[in-house]
K.L.:
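Just dropping this structure here.
Keep in mind that the numbers below use all heavy atoms, side chains included, and drop hydrogens, waters and symmetry copies.
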Amino acid sequence: MESPPNRDQPGTAPDLEFLMSRYQDGDLGAASALIRLVSPPLYRFLAADRTSRQDVEDMLQEAWLQVHKARHTWRPGEPLLPWLYAIARHVKVDSYRKRQRISGRERPVEFLPELVATSAGSPQGLHDFETMVASLPVGQKEVVTMLKVTGMSVEEVARATASTAGAVKLKAHRAYEKLRRLLAPPERSDHKNGGSK
Amino acid sequence: MTCREYLRRRRSFTHPGADSWPQDLTEHLSGCRDCARLEDCLGSIEPEDIDLREVEGRVETLISKDLTPVTPLPPARQRTMRFALLSIVVVAVIVRGMGAHGWERMSFVQAYVTLGVLAVMLLLAVSGISAQMVPGARQKLSPLWLFALCLSSLPLLGLLLYPFSHDSKFAFNALRCWAIGTACALSVVPFLWFLLRRGFPLAPPLHFATAGLLAGINGLAVLELHCPIMDGLHKAVGHGAVALTAALAGWAIASMRKQVLSARETSKP
């Protein structure tokens, strides 16, 4: 997904920044349209850690409520996605810390909660994105998920993660190297870096 | 092209189908099974039919209760200038009242280097705090560098630019200056709060610490202009401690506030 198309182009997808601007003006229709457009990739971003479906839905709801409280801090003309994903990332981190704090009080249950499902319909043997990315360290997983699921640019991911473009590129590079090693067939898993075409 | 070079270049692009995807990367992919396998994995994201209607409906209901038009925050440059202007006005008013005895005793080099360093510290602090008000805003300097530069530059300047003289009342004078500087820093706080109240910082402890740092720089500026003691160690310790104390106080207040809020949340049924 490249950056959202201009709203002046006929027949193109709605401009997220335009919807957000209308949302700031108090337009409920624009707010609803924005929520419906952005929720699926936002859900996938929040679900990258394979937490329970209920937890992910709670985080999604909380993220939107924080977006609602903070809506006056976005300026028309600025890219929307880094702003939005910075808030979502903050909700995700807060939620993780909260789960860690209360995990000591958990007791075993008979039935496990429903986990977020993997991609339905993936061909047999094809390593799906979520499964492979789940093995990456948190920082790399976050960067690769933002780059691939949301389609944000490196600069936008840097802003959303309060980092620099160089740091984002480095994490992405390390993530791709690791994924490449994991995807290599077992007989070639000794090779750390392919040296030829 | 080796696979290592491919991975290094690949990180700047989104996917092979994008308009900006270079031809040489495509050529490498056509001949390398491992890199092609990686691209298959990265490209295996399918738009899932996730049913989020219930969550979306709940969110729409909640936000419709207080959906009012809002005025966006001013642009970053305007916010930064407001903070800078506040600092300059407060320092000018206080120094006018207390007297610029320090400025009068400084040599030409001491005066303008000190002023220059203070200006740079102020600029860094106001840029930082202005960016922290907006989620995802571009930060020109990481918080670590911001605090390191602001907290070390004036003490270092004091040690390098001013002579050392034996002062029998060193501790008393340092403490006195620290108290005056801290009081001046506190006087800025209500005005700072007014400018910061509409922000939405994602890391409140850092935000409060930066606000403390900015208030501390104001107090430090007053001391540099007012205090007639031209001893390097006195400036490094007695004056330099003001910014450090203010930053730590800001961080401590935010941490306590966060603990109180967390305790309230976990005690809810």
K.L.:
When heavy-atom pairs shorter than 4.5 Å are enumerated against chain A, which of B:V134, B:L52, B:T71 gives the highest number?
P.N.:
B:L52

K.L.:
When rounded to the nearest 0.5 angstrom, what is the spacing between CG in A:L183 and CG in B:D34?
P.N.:
8.5 Å

K.L.:
Given heavy-atom pairs under 4.5 angstrom as the criterion, report whether the side chain, backbone, both or neither of A:R174 touches chain B.
P.N.:
neither

K.L.:
With a 4.5 angstrom heavy-atom cut-off, is it the side chain or the backbone of A:H173 that approaches chain B, or both, or neither?
P.N.:
both

K.L.:
Can B:E56 and A:L60 be said to form a side chain to side chain contact (heavy atoms under 4.5 Å, CB included), step by step?
P.N.:
CA-CA 9 Å; B:E56 288 166 0; A:L60 181 64; 5.8 Å; no

K.L.:
Which value, rounded to the nearest 0.5 Å, describes the distance between A:E156 atom CD and B:R138 atom CZ?
P.N.:
10.0 Å

K.L.:
Which of residues 20-29 of chain A get closer than 4.5 angstrom to chain B, counting heavy atoms alone?
P.N.:
A:Y23, A:Q24, A:D25, A:G26, A:D27, A:L28

K.L.:
How long is the gap from OH on B:Y6 to CZ on A:R180, to the nearest 0.5 Å?
P.N.:
9.5 Å

K.L.:
Tell me which of these, B:L67, B:D66, B:L38, B:V59, has more heavy-atom pairs under 4.5 Å with chain A than the rest.
P.N.:
B:L67

K.L.:
Once rounded to the nearest 0.5 Å, what's the spacing between atom CD of B:Q139 and atom OG1 of A:T164?
P.N.:
11.5 Å

K.L.:
Select one option (side chain, backbone, both, neither) describing which atoms of A:Q66 are under 4.5 Å from chain B's heavy atoms.
P.N.:
both

K.L.:
Which atoms of A:A31 come close to chain B, meaning under 4.5 Å heavy atom to heavy atom: side chain ones, backbone ones, both, or neither?
P.N.:
side chain

K.L.:
Which answer fits A:I35, side chain, backbone, both or neither, if we ask what part of it has an atom under 4.5 Å from a heavy atom of chain B?
P.N.:
both

K.L.:
Taking atom CD of B:E60 and atom CZ of A:R36, what is their separation to the nearest 0.5 Å?
P.N.:
5.0 Å

K.L.:
Is it the side chain or the backbone of A:W74 that comes within 4.5 Å of chain B heavy atoms, both, or neither?
P.N.:
backbone

K.L.:
Could you look at A:V144 and say if it's the side chain, the backbone, both or neither that has a heavy atom under 4.5 Å from chain B?
P.N.:
side chain

K.L.:
Kindly say whether B:L73 contributes a backbone atom to a donor-acceptor pair with the side chain of A:R75 at under 3.5 angstrom?
P.N.:
yes

K.L.:
By a 4.5 Å heavy-atom criterion (distance strictly below it), what part of A:P76 contacts chain B: side chain, backbone, both, or neither?
P.N.:
side chain

